[in-house]
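Beneath this line is the structure, given in structure tokens, with notes to follow.
Here is how names work: the chains are called A, B, and so on, in the same order as the sequence lines, proteins then strands, and each is numbered from 1.
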Amino acid sequence: MSTDHNTSEPIDPRELARLQLYQTIAAIPEGNVASYGQLADLAGQTGAARWVGYCLRHLPKDSSLPWHRVITSSGKLAFAEQSEGYWRQRNLLESEGVTLRNHKVNMTTYRWQP
DNA sequence: CTGTTGACTTAGG
DNA sequence: ACCTAAGCCAACA
């Protein structure tokens, strides 16, 4: 095969970015947290914090990604307080040592720094 | 192509 | 420190 149109380049930029995002999230150490914006940046999609939220929202339920380590830049969980998702995420975080103070995580203490 | 949506972020009050 | 408004970006109808 020479320099022809190679059929082996179905690389979808958006899906590629999504895979890179997943890889980045998977790298967040236990006991640490990262913000949506921080992850968008690390995944090469600076400014697309909402896109990160979109990806997590559509994550398969059986996913092994540590999605619970992703919170807002202010240290709050993206889920509404008292909601099911809120407690689900909070329990997972506390189970690995991340404490919440008045519904917020101390970012200075738990923010992941690659 | 235009308008809407949302697991966001930042600047102001 | 809490609330609001505006900004932002990709996905979707």
The answer to which of A:K104 and A:A49 contacts DNA chain C further toward the 5' end, by nearest nucleotide, is A:K104
Do A:L59 and A:L65 pass the side-chain contact (heavy atoms from CB on, under 4.5 Å) test, and can you show the C-alpha distance, the side-chain angles, and the key distance before you say yes or no? CA-CA 9 Å; A:L59 211 56; A:L65 275 184; 4.0 Å; yes
Distance-only, no hydrogens or angles: does the A:N106 side chain make a donor-acceptor pair with backbone N or O of A:T108 under 3.5 Å? yes
Separation of atom CZ in A:R18 from atom P in B:dA7, rounded to whole Å: 17 Å
Does any residue of residues 55-87 of chain A have a heavy atom under 4.0 Å from DNA chain B, and if so, which ones, in number order? A:L56, A:R57, A:W67, A:T72, A:S73, A:A78, A:F79
Taken to the nearest whole Å, CE/A:M107 to P/C:dA1 is 15 Å
Compare side-chain N and O positions of A:S35 against OP1 and OP2 of B:dT9 and report whether any pair is under 4.0 Å apart. yes
If you measure from the Lys or Arg side-chain nitrogens to the Asp or Glu carboxylate oxygens, is any gap between A:R88 and A:E84 under 4.0 Å? no
In this structure, how many angstroms lie between the C1' atom of C:dC9 and the CD atom of A:Q45, rounded? 9 Å
If we ignore hydrogens and angles and just use 3.5 Å, is the side chain of A:Q20 paired with the main-chain N or O of A:E15 as donor and acceptor? no
Could you check how far CH2 of A:W51 sits from P of B:dT9, rounded to whole Å? 14 Å
Touch class at under 4.0 angstrom, heavy-atom based, for A:Y36 against every strand present: base
Regarding A:T99 and A:Y110, do their side chains bring together a donor and an acceptor under 3.5 Å, going by distance alone? yes
For A:D41 and C:dC8, give me the distance from atom CG to atom C1', rounded to whole Å. 14 Å
Round to the nearest Å and state the distance from A:R50 atom CZ to B:dG6 atom P. 9 Å
Is any side-chain N of the basic residue among A:R69 and A:E96 closer than 4.0 Å to the acidic one's carboxylate O? yes
